[in-house]
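Data block below; observations after.
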There are 2 protein chains.
Amino acid sequence: MNSLVEHIKRYISVNRKEEKVIREHLEPLSLKKKTLLLETGQICQAEYFVVKGCLRMYFIKDNGTEQITRFAIENWWMTDYMSLNDCVPSRFCIETIEDTEVLSLDREAKSSLLQEFPQMERYFRIMLQKACGASQQRERYEYGLSREERYHNFIALLPDFAQRIPQYMLASYLGFTPEYLSEIRKKMR
Amino acid sequence: MNSLVEHIKRYISVNRKEEKVIREHLEPLSLKKKTLLLETGQICQAEYFVVKGCLRMYFIKDNGTEQITRFAIENWWMTDYMSLNDCVPSRFCIETIEDTEVLSLDREAKSSLLQEFPQMERYFRIMLQKACGASQQRERYEYGLSREERYHNFIALLPDFAQRIPQYMLASYLGFTPEYLSEIRKKMR
DNA sequence: TTCATTTCTTAAACCAGCTTAAGCACTTCT
DNA sequence: AGAAGTGCTTAAGCTGGTTTAAGAAATGAA
């Protein structure tokens with residue numbers, strides 16, 4: 001819980017009372033590895049702040065395989081924005097990769113939090129601007145680099161994280177097969 | 001200018017005086033086809049709301065060709081968020097595709113607008129949530145569909161817009177060559 | 001209405017990355 | 001300890017999509 005409050009204080013000022021309001025609106029969850037927070041078909045009810053551990057977001061392709069589209073580690077928010085905003089069934093799953101602690105902020109809690117402490121509008125706006133920047137950055141990598149280059153790029157940007165997750169998840173996120181990843185790694189040796 | 005005020009009023013309430021504040025902070029620009037609003041290397045200074053016409057965002061790949069990553073039509077905002085947020089040189093260009101009218105909101109104007117009329121934090125937060133939803137949706141198409149399927153999907157989703165822009169721009173946006181687009185179209189006949 | 005430029009199409013050769021199928025090396029459970 | 005599952009690698013054959021190069025059609029300027 002403290003890590004979120006610290007995070008918010010980086011962007012807006014928060015007094016004692018406001019801090020209490022924040023704490024009251026978030027629900028801490030301790031989750032085992034491979035716990036689903038959101039499943040295809042459900043209407044996404046909350047956004048999640050990762051205190052410790054790691055989440056992945058993925059969807060099921062027509063051929064039945066999983067396609068990972070995002071990871072979230074410490075101090076990142078994750079949710080299905082379209083499902084949450086418009087109350088439509090999600091086409092994504094969100095799952096823990098490791099044992100993970102998150103803070104859950106559900107639809108009503110967010111709306112009430114924003115009413116009681118409107119400066120949070122600013123915090124979320126800034127977070128979302130960062131998220132949009134990251135999306136645009138990622139588009140550059142997706143379209144500007146070959147799959148092999150994307151792999152090397154990812155390792156260079158996030159070497160520790162690349163060690164932390166199974167290779168096949170990395171392959172899925174980067175948009176290719178585990179077999180092809182093996183070939184890339186063989187080339188490097 | 002009216003179209004933006006109308007757009008804002010869909011999400012927050014705006015009185016006479018506040019409406020005036022909004023108007024004072026935005027600069028209307030009338031631009032000819034192929035005008036650059038942002039060029040690689042510049043630090044992005046503003047975000048743009050499209051009143052009439054159409055923008056594209058693209059970057060130059062290592063092989064020298066253009067890769068389009070986004071379009072913006074009437075009632076959409078466009079900017080390079082990373083360059084704007086962090087004052088770093090942009091690696092994108094933003095250009096008009098047709099003769100276009102935009103409202104420009106530069107860094108200082110936005111900050112002053114948010115101070116004078118804090119409810120705008122809410123408007124921008126909601127816009128950004130929608131943008132994030134659209135990004136996630138698009139990721140599903142990128143990774144879940146073949147290039148040919150992506151083409152059919154795009155035509156089905158935005159038939160009018162597909163007519164409005166040159167084919168080669170559509171091919172670039174969808175991540176393939178104009179030659180391949182020609183083949184797909186031939187197949188359909 | 002003519003010329004120049006931009007956009008779109010065709011076709012053949014080519015290649016990055018996929019599929020399939022098998023074997024190996026870990027973990028984790030009983 | 002053994003069985004069962006999970007994750008990683010190898011290799012051969014295949015395919016979706018690219019490249020190159022040329023020409024046809026549309027658009028716009030003069």
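Chain identifiers are assigned alphabetically (A, B, ...) following the order of the sequence lines, protein sequences preceding nucleic acid strands; residue numbering begins at 1 within each chain.
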For B:Thr177 and D:dG17, is the shortest distance between a side-chain N/O and OP1 or OP2 below 4.0 Å? no
Quickly work out the A:Glu179 CD to C:dT20 P distance and round it to whole Å. 10 Å
Closest of C:dC18, C:dT9, D:dG17 to the A:Tyr180 side chain is C:dC18
Given C:dT7, D:dG17, D:dT9, which nucleotide is nearest the side-chain atoms of B:Phe176? D:dG17
Rounded to the Å, how far apart are A:Leu181 CG and D:dT9 P? 8 Å
Mind calculating the distance between CG (A:Asn63) and C1' (D:dG16) to the nearest angstrom? 15 Å
Integer-rounded Å distance: C:dT9 C1' and B:Lys187 NZ: 15 Å
CE of B:Met169 versus C1' of C:dT6: gap in Å, rounded? 11 Å
A:Leu4 and side chain to side chain contact (heavy atoms under 4.5 Å, CB included): which single residue from A:Leu103, A:Leu105, A:Val50 fits? A:Leu103
Roughly how many Å is it from CG in B:Leu145 to P in D:dG16, rounded to a whole number? 15 Å
Do any N or O atoms from the side chain of B:Arg91 and from the backbone of B:Ile60 form a donor-acceptor pair under 3.5 angstrom? no
What nucleotide among C:dT9, C:dC8, D:dT10 has an atom nearest to a side-chain atom of A:Lys186? D:dT10
Does a salt bridge link B:Lys20 with B:Glu24, judged by any charged N lying under 4.0 Å from a carboxylate O? yes
Integer-rounded Å distance: C:dA16 C1' and A:Leu174 CG: 16 Å
Passing option when A:Leu181 is tested against A:Arg185, A:Glu179, A:Glu183 for side chain to side chain contact (heavy atoms under 4.5 Å, CB included): A:Arg185
Would you say a side-chain N or O of A:Arg185 is under 4.0 Å from OP1 or OP2 of D:dT9? yes
Rounded to the nearest angstrom, tell me the gap between atom NZ in B:Lys32 and atom C1' in D:dG28. 13 Å
